Amino acid sequence: MASQLFARKPLSVLLEEMKGEHRLRRVLGPIQLTALGVGAIIGAGIFVATGAAAHNVGGPALMISYVVAGITCVFAALCYAEFASMAPVAGSAFTYAYATLGELFAWIIGWDLVLEYAVGSATVANGWSSFFQSLLPKMGINLPEAISKPPIIYDAVAGHFVRTHGVVNLPAVVIVLIVTAILVKGIQESASFNATMVCIKIAAVLFVILVGAFFINSANWQPFAPYGWGGLNLFGKNIWGEVVGGRPVGMLAGAAIIFFAYIGFDSVSTHAEEARRPNRDVPIGIVASLLICTVLYVLVVIVLTGMVKYTQIDTGAGVSVAFKSVGLQWAEVIIAIAGVAGITSVLLVMMLSAPRVFLAMARDGLVPPSFFADVHPRFRTPWKSTMLVGAFVATGAGLLPIDALLEMTNIGTLFAFTIVCAAVLIMRRTNPDAERPFRCPFVPVVPILGIIMCLVLMFSLPWPNWLRLIGWLLIGLVIYFTYSRHRSFMRHYLGEEISEHGISPGGAMVSDVDKDTSVAEKR
């Protein structure tokens, strides 16, 4: 049993899997991949969460928080880029962990990515509904409460769930169904739709930066770090910095809280199998999207904290209220439209990524291949899993207080980044001669710094996040030991069994004549 848990998937097998007929369609170039990355990263959070974090956690020093979080992501991004160029197949961190750390770690990361993309998508759909409903009254439309919110919501201040007069958050359900239909239709159509949404929100972000720059008052940046520079805690025990209301505050705590704003660049690697020249285009898409978004984030914080004193920033709609305070009320419409477009592209990319993680897991037998590895013969998309994810996200967004789980995505993603950075170090030792079209620079310094910074941010989050992460992983381990371990194709490599239908790792069929030879070779 232990040999299977830590058995690694050979790099040669990953490369062989790229040659099968049942692959995804390679249609994405560097611009489209970069747009997918930007589409996943920049959402309504830049207009909403930035204000709340500046007011409650970091003050003007939040601009440094974004730099720290961005640098952490750069280290992880360089590691992602090396793996994506070596093995341009679907699966992202799941595939990389399988090749370096073994099956058990791969399952944990795959389960972690499901949390990031599926639960994150439901949360994003809720945000889309809020922005969309803020636009309707300006057109004289007001939705009945029964179809405008879920039946229960989570009151963060009171710390418990509260019943509402709502029945279903209908706008959230509708946008999820529309995005699901686009995703089933094809990756090229999805990428084109995403590019349109990205152009709209980038234009709005540039508007905020360029117009807001004329209203900056440098006196608002004093004091620059009112909550200090720390925020490090260890499972609830404060190590460095201040604690307000039981939560760590300071520049470092701000970096951990706003880290979710960067979640999404890793989704570019899940589309490596659909890139025209993955060895070159995927690293470009990962690094370029991350650098673009970091610059935009920092500039928005500079403008926001310069326009309004951090103590007066509105925590619900920081940017909109900041423009109102200087007499530009009409900017609220532009920001709301940008919010709708921004969240739409985030939702599209996150829902695009989740089925591709399932696809990689199914090709290794960890989830049912007949369902999750089924690629549509015409559209060349994992259509069944896309529809399943769409149904899950629509249900969560329409009926559940899914925003209560949002902070789980932060710690889960940081955990995945830590594993990828460690995997680069391991792969350099286990496969030193493997072809690396893109090489992470300054190894082992960059991966080690990536591991350290990810762990620091993980320990800068409130300790209940650790409890939620452990709970989620325990659920995943139950599924692994009751289903996945017994059906994993890795058992073939270990010579423990061959399926009676002759299914080989990766989902390819092998003939009866080749069975014995195949098993002997893989032993």
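As the structure is a prediction and not an experimental result, all values here were calculated from the model.
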Pairs involving residues 167-184, ordered by first then second residue, that meet side-chain hydrogen bond (donor to acceptor under 3.5 Å, both in side chains) (sequence neighbours left out):
Asn126-Asn169, Ser129-Asn169

Tightest non-hydrogen contact, residues Thr418 and Cys454, listed as OG1-CB, 3.2 Å

Judged by atom type as modelled, is there a donor-acceptor pair below 3.5 Å linking the side chain of Trp107 to the main-chain atoms of Leu366?
no

Are any non-hydrogen side-chain atoms of Gln133 and Leu143 less than 4.5 angstrom apart?
yes

Check: Met387 and Val184 side chains under 4.5 Å, non-hydrogen atoms
yes

Run the side-chain contact (heavy atoms from CB on, under 4.5 Å) test against Val446 and tell me which residues pass, sequence neighbours left out.
Phe75, Leu78, Cys440, Phe442

OG1-CG distance between Thr34 and Asp281, expressed to the nearest 0.5 angstrom:
8.5 Å

Partner set under side-chain contact (heavy atoms from CB on, under 4.5 Å) for Val67, not counting sequence neighbours:
Ile71, Val298

For Ile42 and Val346 the tightest heavy-atom approach is O-CG2, 3.5 Å

When rounded to the nearest 0.5 angstrom, what distance separates CE in Met63 from OG1 in Thr305?
4.0 Å

For Ala97, which residues count as a side-chain contact (heavy atoms from CB on, under 4.5 Å) partner, sequence neighbours excluded?
Ala106, Ile109, Ile419

So, the side chain of Gln32 versus the backbone of Gly29: is there a donor-acceptor pair under 3.5 Å, distance only?
yes

Could you go through the side-chain contact (heavy atoms from CB on, under 4.5 Å) check for Leu457 and Thr72 one step at a time?
CA-CA 9 Å; Leu457 292 185; Thr72 302; 3.8 Å; yes

Can you tell me how far apart CD1 (Ile302) and CD1 (Ile209) are? Round to the nearest 0.5 Å.
9.0 Å

Apply side-chain contact (heavy atoms from CB on, under 4.5 Å) to Val162 and Ile152, showing your working.
CA-CA 6 Å; Val162 178; Ile152 56 174; over 6 Å; no

Who pairs with Arg439 by side-chain hydrogen bond (donor to acceptor under 3.5 Å, both in side chains), at least two apart in sequence or on another chain?
none

If you count every heavy atom of other residues, nucleotides or ligands that lies below 6.0 Å from Ile31 atom CD1, does the total exceed 12?
no

Set of side-chain hydrogen bond (donor to acceptor under 3.5 Å, both in side chains) partners for Lys309, sequence neighbours left out:
none

Ring pair (Phe, Tyr, Trp, His ring centres under 6.0 Å) partners for Phe132, two or more places apart:
Trp128

Can you check whether Met351 reaches Val176 side chain to side chain, under 4.5 Å on heavy atoms?
yes

Should Val375 and Thr381 count as side-chain neighbours, where that means a heavy-atom distance under 4.5 Å?
no

So which heavy atom on Phe207 is nearest to which on Ala331, and how close?
CE2-CB, 4.0 Å

Report yes if the side chains of Ile334 and Phe323 come closer than 4.5 Å at any heavy-atom pair, otherwise no.
no

Tell me, with the steps shown, if Val303 and Leu299 meet side-chain contact (heavy atoms from CB on, under 4.5 Å).
CA-CA 6 Å; Val303 168; Leu299 291 176; 5.6 Å; no

Can you confirm whether or not the ring centre of Phe415 sits under 6.0 Å from the ring centre of Trp111?
no

For Val420 against Phe83, the heavy-atom pair lying closest together
O-CE1, 4.0 Å

Please report the interatomic distance CD1(Ile202) to CD1(Ile292), rounded to the nearest 0.5 Å.
7.5 Å

Listed by chain and number, what are the ring pair (Phe, Tyr, Trp, His ring centres under 6.0 Å) partners of Trp221, not counting sequence neighbours?
none

Would you give the length of the straight line joining atom CG of Leu414 to atom CG of Asp112, rounded to the nearest 0.5 angstrom?
10.0 Å

List the steps and the verdict of side-chain contact (heavy atoms from CB on, under 4.5 Å) for Leu359 and Ser385.
CA-CA 8 Å; Leu359 175 64; Ser385 57; 5.8 Å; no

Under the side-chain hydrogen bond (donor to acceptor under 3.5 Å, both in side chains) test, residues paired with Tyr80 that sit two or more places apart:
none

With heavy-atom distances below 4.5 Å as the criterion, would you say the side chains of Arg356 and Met361 are in contact?
no

Flag the pair Lys9 and Asp364 as a salt bridge only when some basic side-chain nitrogen lies within less than 4.0 angstrom of an acidic carboxylate oxygen.
yes

Please enumerate all residues that pass ring pair (Phe, Tyr, Trp, His ring centres under 6.0 Å) together with Phe372, with sequence neighbours excluded.
Phe358

Testing the basics here: between Val308 and Ala322, what is the closest heavy-atom pair and its distance to 0.1 Å?
CG2-CB, 3.6 Å

Side-chain heavy atoms of Arg363 within contact of Pro369, under 4.5 Å
no

Go through the side-chain N and O atoms of Tyr66 and Thr50 and say whether any donor and acceptor fall under 3.5 Å apart.
yes

Any idea which heavy atoms bring Ser65 and Ile258 closest together, and the distance?
O-CD1, 4.1 Å

Is there any salt bridge (charged side-chain N to carboxylate O under 4.0 Å, His left out) pair reaching into residues 61-78, and which pairs are they, with sequence neighbours excluded?
none

Please list, chain by chain and in numerical order, all residues satisfying side-chain contact (heavy atoms from CB on, under 4.5 Å) with Val167, sequence neighbours excluded.
Ala146

At what distance, to the nearest 0.5 angstrom, does SG of Cys421 lie from CE of Met453?
10.5 Å

Check whether any side-chain heavy atom of Tyr310 sits under 4.5 Å from a side-chain heavy atom of His55, and report yes or no.
no

